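Since we're looking at a predicted model, the values are computed, not measured.
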Amino acid sequence: MFFFIIQHTMFFMIPLIIVALGGLFSERSGVVNIALEGKMIMGAFVSILFITTFQDRLVGQPILLIGILIAAVTGGLISFFHAYASINLSANQIISGVAINMFAPAFAVYTARLIGNTQNVHFTNQFRIESVPFFGDIPLIGPMFFRNTYITTYIGIAILIISYIVIYKTKFGLRLRACGEHPSAAASVGISVKKMRYIAVILSGILAGIGGLVLIIPITTVFNGSVSGYGFLALAVLIFGGWNPIKILFAAFFFGLMQAISASYSAIDFLRDLEIPAHFYRMAPYIATLIVLAFTSKKTIAPKALGEPYDAGKR
């Protein structure tokens, strides 16, 4: 039972990490990104549509890897419009994000109905890895992390490690953080604030698009034009994690555990015996989000220039 809960926690935790890291890059550069939900939907929809179309010609992990690439490109493209509105037009970044969140599900549902007369896009799950060679035989760790798993889990962990290195160990990361804290000071030493913000916002979309697909693959074989508020939950993880990759990891684990319990409580004997209404378990992750944010939001410190348009003529 313990292994079962941990595995299901990973299924929900990994997409939260990926999407929250996407939000991290954008907001560390100074651009508010509440459009994570819409970018997840677009990335998931286009990539799953591709998988559905070609799954009889390509099998196994190759089609999933191509799907991840397509989700990344889709998310990055949608992010370009958010970046243009926020950076070039100095539009309200919240309104721009809301517009994307409204557009994405409408586009997904309309296109799915146009193609297949239904908003549900079905695919065959042929991506589960029963046991990773050698690692799956390791006592305790093997059954927990290397059996009945997906390659997306390891991609998510790799993204976390790479993101930490990029943010804190590279010149790019230093410049990115400078643009989110003191854009005028960054510009005074020759850093192009607009360029850095464009890169960060598009990178945010790439990760959110990947996160959309990574969420859908392990838990269902049907995409209905929704990611069930996961973009907003990832935003909560970002805030709870204090815009820090390591803290995001622990925040994502907490919320992932809540989601795992919500999704599989009926398979857990002592929870099933409590005879608590199913609606309570379904609400639990979102109630936990509200409680945690209520007690921690005052202690978290956002980048100082977050949400402020940068005007090179005003320093």
Side-chain angles (χ1 to χ4, degrees), residues 17-43 72-104 159 163 166-168 170-189 191-212 231-245 248 297 300-315:
I17 290 175
I18 296 173
V19 179
L21 288 172
L24 171 69
F25 278 100
S26 177
E27 300 205 348
R28 275 291 192 174
S29 75
V31 179
V32 174
N33 197 342
I34 69 165
L36 297 173
E37 179 91 356
K39 295 169 186 178
M40 286 183 72
I41 291 172
M42 290 299 295
V73 172
T74 303
L77 180 62
I78 296 298
S79 263
F80 173 82
F81 296 105
H82 180 52
Y84 182 78
S86 302
I87 300 169
N88 289 76
L89 303 181
S90 297
N92 186 295
Q93 296 168 11
I94 300 294
I95 294 176
S96 175
V98 169
I100 291 174
N101 287 338
M102 294 176 66
F103 166 80
I159 288 174
S163 296
V166 169
I167 291 290
Y168 292 110
T170 67
K171 185 184 295 184
F172 172 82
L174 179 62
R175 291 178 175 178
L176 182 76
R177 287 181 282 133
C179 291
E181 297 289 343
H182 300 287
S184 297
S188 69
V189 295
I191 298 173
S192 174
V193 176
K194 287 188 175 182
K195 179 181 177 181
M196 292 300 299
R197 288 187 171 182
Y198 254 102
I199 294 172
V201 174
I202 292 174
L203 184 57
S204 170
I206 289 172
L207 293 180
I210 293 173
F232 299 110
L233 196 56
L235 194 60
V237 168
L238 173 63
I239 297 170
F240 182 39
W243 290 268
N244 179 290
I248 284 174
S297 58
T300 56
I301 302 176
K304 292 181 180 179
L306 181 61
E308 298 179 5
Y310 173 70
D311 187 347
K314 295 180 180 180
R315 298 188 181 181

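Atom CZ of Phe172 and atom CG of Leu203 lie 6.5 Å apart (nearest 0.5 Å). In this structure, CD1 in Ile87 is found 8.0 Å from NE2 in His82, a value given to the nearest 0.5 Å. From Ile159, atom CD1 reaches atom CD1 of Ile17 across 10.0 Å, with rounding to the nearest 0.5 Å.
Side chain of Ser204 to main chain of Ser26: no donor-acceptor pair is present (N/O by atom type, distance under 3.5 Å, no hydrogens or angles). Put simply, the side chain of Glu27 gets close to the backbone of Asn33: a donor and an acceptor are under 3.5 Å apart. In terms of modelled atom types and a separation under 3.5 Å, the side chain of Arg28 and the main chain of Leu176 share no donor-acceptor contact. Formation of a donor-acceptor pair under 3.5 Å by the Arg177 side chain with backbone atoms of Ile167 is found in this model. With hydrogens and angles ignored, the 3.5 Å screen pairs a side-chain donor or acceptor of Ser188 with a backbone N or O of Ala185. Proximity of a side-chain donor or acceptor of Gln93 to a complementary backbone N or O of Val31 within less than 3.5 Å is not detected.
Residues passing the ring-ring contact (aromatic ring centres under 6.0 Å, His included) test with Tyr168, sequence neighbours excluded: Tyr164.
The shortest non-hydrogen separation linking Ala104 to Gly38 is CB-O, 3.3 Å. Between Glu37 and Gly231 the shortest heavy-atom distance is OE1-N, 2.6 Å. Residues Leu21 and Leu207 approach most closely at C-CD1, 4.0 Å, considering heavy atoms. Ala20 and Ile248 make their closest contact through CB-CG2, 3.9 Å (heavy atoms, listed as atom of the first residue, atom of the second, distance). Summarising the geometry of Met196 relative to Cys179, their closest heavy-atom pair is CB-SG, 3.7 Å, with the distance given to 0.1 Å. In terms of heavy-atom proximity, Val32 sits nearest to Gly307 at CG2-CA, 3.6 Å.
Residue Met42 forms a side chain to side chain contact (heavy atoms under 4.5 Å, CB included) with just one option from Ile78, Leu77, Ile100, and that option is Ile78.
Side-chain contact between Tyr198 and Ser192: absent, with no pair of heavy atoms (C-beta onward) separated by less than 4.5 Å.
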Evaluate Leu36 against Phe232 for side-chain contact (heavy atoms from CB on, under 4.5 Å), listing each step before the verdict.
CA-CA 7 Å; Leu36 297 173; Phe232 299 110; over 6 Å; no
